[in-house]
Amino acid sequence: TATTIPPIGVAAETAADGEWLEVVVSGFCDCVTNDGTDVVAGDMLVGGAGVAIPYTLVEAETDATHVGFQSQIFGQSLVAETSTTCDTCIIYKRI
């Protein structure tokens, strides 16, 4: 993810520069790296600098950069997480 470009998916694996990699662009995803903030079930996943940042819907709506046409919201956590990997998420189709 990036802070300036709306995310369209989540990398499902690692790759070196110039290599192809699988990307989850919609549906269930078990490999979303977050910023270390505890994630609550139902949190919106917002694009950050290479990680997802969990926001409540109210937090995302309050910050105008996360709503509308250029929305940084790309998915939602389905369960609470306390690690840096969200393993039960839904990714919204953006393309």
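- Separation of atoms CD (E22) and OG1 (T14) is listed at 11.5 Å; rounding is to 0.5 Å.
- I73 CD1 to D43 CG: the interatomic distance, rounded to the nearest 0.5 Å, is 11.0 Å.
- T82 has its side chain within reach of D38: a pair of non-hydrogen atoms, C-beta onward, lies under 4.5 Å apart.
- Judged purely by atom type and a 3.5 angstrom limit, S77 uses its side chain to pair as donor or acceptor with the backbone of V79.
- Inspection of the T37 and D35 side chains reveals an N or O donor paired with an N or O acceptor under 3.5 Å.
- Not a single donor-acceptor pair under 3.5 Å links the side chain of E81 to the backbone N or O of V39.
- Neither V40 nor V58 shares a network with the other; the hydrophobic side chains, linked directly or stepwise wherever heavy atoms of I, L, V, M, F, W or Y lie under 4.5 Å apart, form separate groups for each.
- Minimum interatomic distance between G36 and T84 (heavy atoms only, all atoms of both residues): CA-CG2, 3.8 Å.
- Across A11 and C31, no two heavy atoms sit closer than the pair O-SG, 3.8 Å.
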*asked:* I'd like to know whether L45 forms a side-chain contact (heavy atoms from CB on, under 4.5 Å) with V32, so could you lay out the CA-CA distance, the side-chain angles of the two residues, the decisive distance to 0.1 Å, and finally the verdict.
replied: CA-CA 9 Å; L45 300 175; V32 179; 4.2 Å; yes
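- For the pair T88 and D30, the minimum side-chain heavy-atom distance is 4.5 Å or more.
- Taking 4.5 Å as the limit, some side-chain heavy atom of I91 sits within range of a side-chain heavy atom of F74.
- Residues Y92 and M44 form a side-chain contact, since some pair of their non-hydrogen atoms from C-beta on lies under 4.5 Å apart.
- Linking ILVMFWY residues whenever their side-chain heavy atoms come closer than 4.5 Å, directly or via other members, leaves V24 and F28 in distinct clusters.
- Side-chain heavy atoms closer than 4.5 Å link hydrophobic residues (I, L, V, M, F, W, Y) into clusters, and following such links, possibly through other members, connects Y55 to I90.
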*Go through I53 and N34 one step at a time and tell me if the side-chain contact (heavy atoms from CB on, under 4.5 Å) criterion holds.*
CA-CA 6 Å; I53 302 169; N34 68 56; over 6 Å; no
